[in-house]
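So that the names make sense, note that chain A is the first sequence line, chain B the second, and so on, each numbered from 1. Here the structure is a predicted model, which is why all the values come from computation and not from measurement.
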Amino acid sequence: MSATEGLSELDTAPGRTNRLDTVALATEQPDDAQPYAELGLKDDEYARIREILGRRPTTAELAMYSVMWSEHCSYKSSKVHLRRFGDLPKSDALLVGMGENAGVVDVGEGYAVTFKVESHNHPSYVEPYQGAATGVGGIVRDILTMGARPIAVMDSLRFGRADAPDTARVLPGVVAGVGGYGNCLGLPNIGGELLFDDCYAGNPLVNALCVGVLRHEELQLAKAEGVGNKVVLFGARTGGDGIGGVSVLASETFDAEGPAKRPAVQVGDPFTEKLLIEACLEIFAAGLVTGIQDLGGAGISCATSELAAAGSGGMAIDLDAVPLRDSTLTPAEILMSESQERMCAIVEPDKVEAFLAVCAKWDVLATVIGEVTDGDRLTIDWHGERIIDVPPRTVALEGPRYERPMSRPADLDALQADTPPSSSADLRADWLAVVSSPDGADKSWVTEQYDRYVRGNTVLAQPEDAGVLRIDESSNLGIALSLDGNARYARLDPYTGAQLNLAEAYRNVAVSGAKPLAVTNCLNFGSPENPEVMWQFAEAVRGLADGCRELGLPVTGGNVSLYNQTGDVAINPTPVIGVLGVHADVTRRVPTGWRADGESVLLLGE
Amino acid sequence: MRIGVITFPGSLDDVDAARAVRLAGGEPVALWHADHDLKDVDAVVLPGGFSYGDYLRAGAIAARSPLMADVVAAARGGLPVLGICNGFQVLCEAGLLPGALTRNGHLHFRNRDQGLLVERADTAWTSSFEQGQRIVVPVKNGEGRYVAAPAELDRLEGEGRVVVRYVDGNPNGSSRDIAGVTSADGRVVGLMPHPEHAVEELTGPSVDGLGFFTSVLSALVVAA
Amino acid sequence: MSQVVVDVVLKPEISDPQGQAVLGALGRLGHTGVRSVRQGKHFVLEVDGEPDEAELRQIAETLLANPVIEDVELHLPARTTD
Amino acid sequence: MSQVVVDVVLKPEISDPQGQAVLGALGRLGHTGVRSVRQGKHFVLEVDGEPDEAELRQIAETLLANPVIEDVELHLPARTTD
Ligand SMILES: Nc1ncnc2c1ncn2[C@@H]1O[C@H](COP(=O)(O)OP(=O)(O)O)[C@@H](O)[C@H]1O
């Protein structure tokens with residue numbers, strides 16, 4: 001049984017048909033068998049849920065815990081390692097650090113910048129265009145949620161060999177999807193990567209970065225505070241797309257045939273997202289919200305439990321109020337749907353009318369679905385019956401945590417053994433292989449599909465090493481960004497490899513003339529259940545953290561993508577590192593390349 | 001001089017168009033698609049973007065918005081109107097300009113710095129140029145291939161209605177390399193390239209685009 | 001409630017790069033018996049009650065299609081006779 | 001030579017922003033009797049001789065449609081009887 005099939009049977013009480021499973025029923029019938037294993041929960045995880053609730057979960061609660069405790073949402077394998085980033089020395093520039101939707105950095109003159117990179121690897125393999133498009137859509141909403149206007153995107157892409165047949169299926173769709181969504185949002189694409197390696201043939205990597213700008217006082221947080229405040233769901237209607245996509249797709253290994261489970265694909269609607277952006281910015285400017293969260297993986301389950309967990313009270317939701325695209329959806333499906341282009345806001349009762357008016361102006365559907373309560377429970381009702389009654393922190397913050405076994409890959413010594421070319425013929429062959437690699441080829445076929453000009457503030461973009469944007473037209477304050485990864489180094493030595501990646505992104509930002517300020521990262525690895533992969537992951541995190549300490553940079557956030565492998569074979573460990581820098585005056589940026597005859601050439605460094 | 005810039009849902013280059021108006025010395029005035037209010041502007045710019053997501057056909061839904069009825073009426077009375085990219089698509093869909101813009105021949109969105117030949121330097125929007133001048137302005141579109149029936153194209157050529165033509169390569173397969181056309185009276189101009197992205201050394205490939213905005217300001221001064 | 005289908009096709013004199021691309025792909029895949037491909041749009045509308053042909057034709061011809069480059073075919077449901 | 005029509009429609013559970021946008025426009029233009037609009041693709045193929053249904057179905061399902069999100073409807077010509 002696939003997870004999606006398992007879900008459509010949810011909502012009816014176990015062992016019975018057609019009777020909604022409610023909290024009352026779960027209390028009455030505590031011992032009914034439940035399909036937790038099909039939903040990806042381990043025996044001990046299920047036992048913990050029962051312990052937390054003091055009874056069996058309802059089927060809707062089971063659905064909610066299973067997505068929220070999935071690898072993708074809970075970071076259960078990576079959290080113990082990511083703590084290293086939190087231990088870095090405090091940076092004065094850091095206004096909001098890890099733990100929020102995206103980190104926020106002070107860039108001076110009262111401006112702050114927020115940026116983050118996120119993966120959409122598995123969805124892009126299943127449906128390249130929509131997978132990549134919705135990847136851009138998701139990261140843009142993360143940035144918007146911080147109160148910022150999104151101002152640019154970047155994309156880091158990896159595929160199988162350039163001449164492999166499946167690359168011809170995946171690559172054009174991914175590029176068109178990144179472009180289609182970003183262009184339609186009016187966000188310039190200011191850089192990225194495109195690399196090829198056999199290890200990505202069955203598991204391409206699509207990492208998207210978004211950067212946004214705000215005034216310090218405009219910062220928004222994902223928090224439900226204030227008893228009686230309303231919970232407003234706004235944006236697209238909820239449909240049956242991507243149900244369980246997060247737990248199913250991102251926390252599962254593909255075999256040679258691709259994913260065994262195919263949740264319905266999410267289709268992006270960039271036009272609706274553009275309207276959401278404009279509506280949100282107008283709502284922020286008018287001071288109409290006290291907290292806001294985007295809906296991404298795990299949909300309403302995630303947004304409500306995270307908002308409530310971050311606040312001091314509880315929350316009561318009436319699920320019947322959620323506007324649906326498909327009236328046959330069951331409550332668990334509504335809770336887990338990953339329909340795109342939705343947001344959830346906490347609004348004081350006397351501001352609801354003004355909030356709805358802004359949404360109406362932008363043709364954005366908005367609905368009050370509940371309110372903040374005193375007490376400490378998240379409750380959700382359906383057709384007048386209680387189907388969820390949980391402590392929200394146990395869903396959103398207190399998921400499982402694993403110290404997975406680790407071991408240094410057995411083949412590493414052999415890989416590291418130095419075998420320089422022994423003859424000039426070998427050297428020639430190696431040199432030809434390097435210069436003829438598609439990795440080094442002109443990327444304009446890709447970058448011409450991206451709008452680099454929109455918003456009129458793009459100072460440098462492709463083919464420059466760093467993208468540079470003007471932030472303020474009068475002072476010429478600006479920022480630089482670079483996104484880099486080198487998985488071959490990381491495969492040879494994940495600790496040093498991560499540092500080399502960091503150094504590359506750092507240099508790219510520095511040579512544009514900017515002062516590097518902060519780091520984001522997307523860590524793409526194989527299955528955490530493989531001790532060798534877990535070792536690579538831990539080493540890469542340790543390397544990156546040590547590198548950041550050396551350079552005096554904070555890690556402001558990022559994303560972990562695990563289970564990137566085909567069958568038993570993991571991708572090369574692929575940390576993708578983004579560095580943000582600030583330009584006091586963008587007119588003094590330094591482009592790449594020789595500019596004029598007669599200039600001197602200097603080599604810096606060792 | 002007050003130059004209106006219309007924002008439709010999904011307009012993207014409205015901020016850029018307003019900046020270009022300002023840099024040219026005009027006063028940009030924000031206009032909203034749903035209002036029946038042209039706010040007494042002296043000219044109107046329809047900016048680039050993806051109005052209504054370009055779903056259905058590029059520009060089709062925006063062309064039927066309330067404000068467009070006012071724009072069509074005012075344009076028939078001589079109000080200068082410039083449609084850039086999506087704005088050009090809207091003007092064709094609204095019947096103010098002939099022809100239609102369709103999916104690029106190579107089926108990709110394309111963004112590049114594009115050479116253009118100015119063929120008409122006597123419209124409300126091109127008087128700052130010399131006839132025959134070559135300029136460089138970015139193009140960026142997925143549905144920029146200008147088409148019309150062959151007889152219609154012959155008629156337009158005969159009447160000198162082609163304002164700018166692509167040179168050094170046709171980015172989208174447009175018929176006869178047409179990049180922009182004008183109404184019979186030279187007051188309404190539509191083009192696929194983006195002059196508003198070529199107004200500052202810092203951010204554009206040239207400052208050639210400024211000429212479109214200075215043209216209308218001087219046309220208005222002459223008229224006043 | 002009845003269902004109305006509107007097909008929008010490019011006029012014959014307007015070139016169709018999408019159809020051309022499909023034709024090229026078919027040739028490369030060995031489907032040489034296909035001589036030409038034209039790509040258009042297909043709309044399925046659900047309307048209240050009996051469809052009003054005049055109104056639907058107007059919708060099809062003025063909104064769903066651009067008469068400068070496209071033709072429409074309107075398919076109304078066979079009238080129910082009960 | 002015969003003509004084969006293939007309509008490609010989004011699977012019912014897949015959202016259709018294009019159809020939604022058309023529906024919104026119809027409402028604003030006063031055509032309130034239209035309840036829903038779904039937009040798909042319409043292909044007209046000319047094939048040599050009698051169409052081979054199995055081959056055309058394969059073409060429709062693998063090349064013209066994206067089976068992850070779309071369904072196809074194949075319309076073969078009524079067989080000529082002469
Ligand atoms: N590789 C990483 N480095 C630093 N922080 C990370 C990393 N991966 C995830 N995080 C942080 O963990 C938190 C949860 O991440 P994520 O689930 O991606 O956020 P969201 O809830 O917006 O989807 C975020 O604050 C994110 O910045």
**CZ on B:Phe88 to CG on B:Leu96, rounded to 0.5 Å** =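 Reported value, rounded in 0.5 Å steps: 11.5 Å.
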Closest contact, heavy atoms only, [X] versus [Y]:
{"X": "B:Gly53", "Y": "A:Cys184", "result": "CA-SG, 4.1 Å"}
{"X": "A:Asn508", "Y": "A:Asp465", "result": "OD1-CB, 3.3 Å"}
{"X": "A:Leu171", "Y": "A:Leu194", "result": "CD1-CD1, 4.0 Å"}
{"X": "B:Val136", "Y": "B:Ser206", "result": "O-OG, 2.6 Å"}

Side-chain H-bond candidate by donor/acceptor type, [X] with [Y], under 3.5 Å:
{"X": "A:Glu109", "Y": "A:Ser475", "answer": "yes"}
{"X": "A:Thr134", "Y": "A:Gln340", "answer": "no"}
{"X": "B:Thr7", "Y": "B:Asp14", "answer": "yes"}

Could you list the donor-acceptor pairs under 3.5 angstrom formed between side-chain atoms of residues 272-281 of chain A and any protein atom two or more places apart in sequence or on another chain?
residue	atom	partner	partner atom	Å
A:Thr272	OG1	A:Asp269	OD2	2.5
A:Glu273	OE1	A:Arg141	NH1	2.6
A:Glu273	OE1	A:Tyr181	OH	3.2
A:Lys274	NZ	A:Glu278	OE2	2.7
A:Glu278	OE1	A:Arg149	NH2	3.0
A:Glu278	OE2	A:Arg149	NH1	3.2

**Request:** Could you please state which residues from residues 109-119 of chain B sit under 4.5 angstrom from chain A, measuring non-hydrogen atom to non-hydrogen atom, sorted by number, or 'none'?
**Result:**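 Listed by number: B:Phe109, B:Arg110, B:Asn111, B:Arg112, B:Asp113.
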**Request:** Heavy atoms only, distances under 4.5 angstrom: which of B:Pro171, B:Pro138, B:Ala20 has the most pairs with chain A? Name it, please.
**Result:**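 When all of B:Pro171, B:Pro138, B:Ala20 are compared, B:Pro138 has the most.
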**Message:** Less than 6.0 angstrom from the centroid, inside 45 degrees of the normal: does A:Arg342 satisfy that with respect to the ring of A:Phe234?
**Reply:**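 Relative to the ring axis of A:Phe234, which defines the angle, A:Arg342 lies outside at least one limit.
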What part of [X] lies closer than 4.5 angstrom to a heavy atom of chain A: side chain, backbone, both or neither?
{"X": "B:Pro205", "answer": "both"}
{"X": "B:Glu196", "answer": "neither"}
{"X": "B:Tyr55", "answer": "side chain"}

**Prompt:** Taking every heavy-atom pair that is under 4.5 Å apart, which of A:Asn183, A:Asp363, A:Thr447 has the most such pairs with chain B?
**Reply:**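 Result: the option with the highest number of such pairs is A:Asn183.
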**Item:** B:Tyr52 ring center near A:Phe271 ring center (under 6.0 Å)
**Value:**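 Yes; A:Phe271 has its ring centre under 6.0 Å from that of B:Tyr52.
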**Asked** Applying a criterion of heavy atom separation less than 4.5 Å, what residues of residues 450-459 of chain A form contacts with chain B?
**Response**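 Only A:Tyr450, A:Asp451, A:Arg452, A:Tyr453, A:Val454, A:Arg455, A:Gly456, A:Asn457, A:Thr458, A:Val459 of residues 450-459 of chain A have a heavy atom under 4.5 Å from chain B.
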Could you pull out every donor-acceptor pair under 3.5 Å between side chains of residues 79-87 of chain B and any protein atom, sequence neighbours left out?
residue	atom	partner	partner atom	Å
B:Asn86	OD1	B:Ser51	N	3.1
B:Asn86	OD1	B:Ser51	OG	2.8
B:Asn86	ND2	B:Asp54	OD1	2.9
B:Asn86	ND2	B:Gln89	OE1	2.8

**Message:** For A:Leu477, is there any backbone N or O sitting under 3.5 Å from a side-chain donor or acceptor partner on A:Asp472?
**Reply:**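 Not a single qualifying donor-acceptor pair exists.
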**Asked** What part of A:Leu185 is in contact with chain B, defined as an atom under 4.5 angstrom from a non-hydrogen atom: side chain, backbone, both or neither?
**Response**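 For A:Leu185, the contact with chain B is made by the backbone alone.
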**Prompt:** Using non-hydrogen atoms only, which part of A:Val468 is less than 4.5 Å away from chain B: side chain, backbone, both, or neither?
**Reply:**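 A:Val468 has no heavy atom closer than 4.5 Å to chain B.
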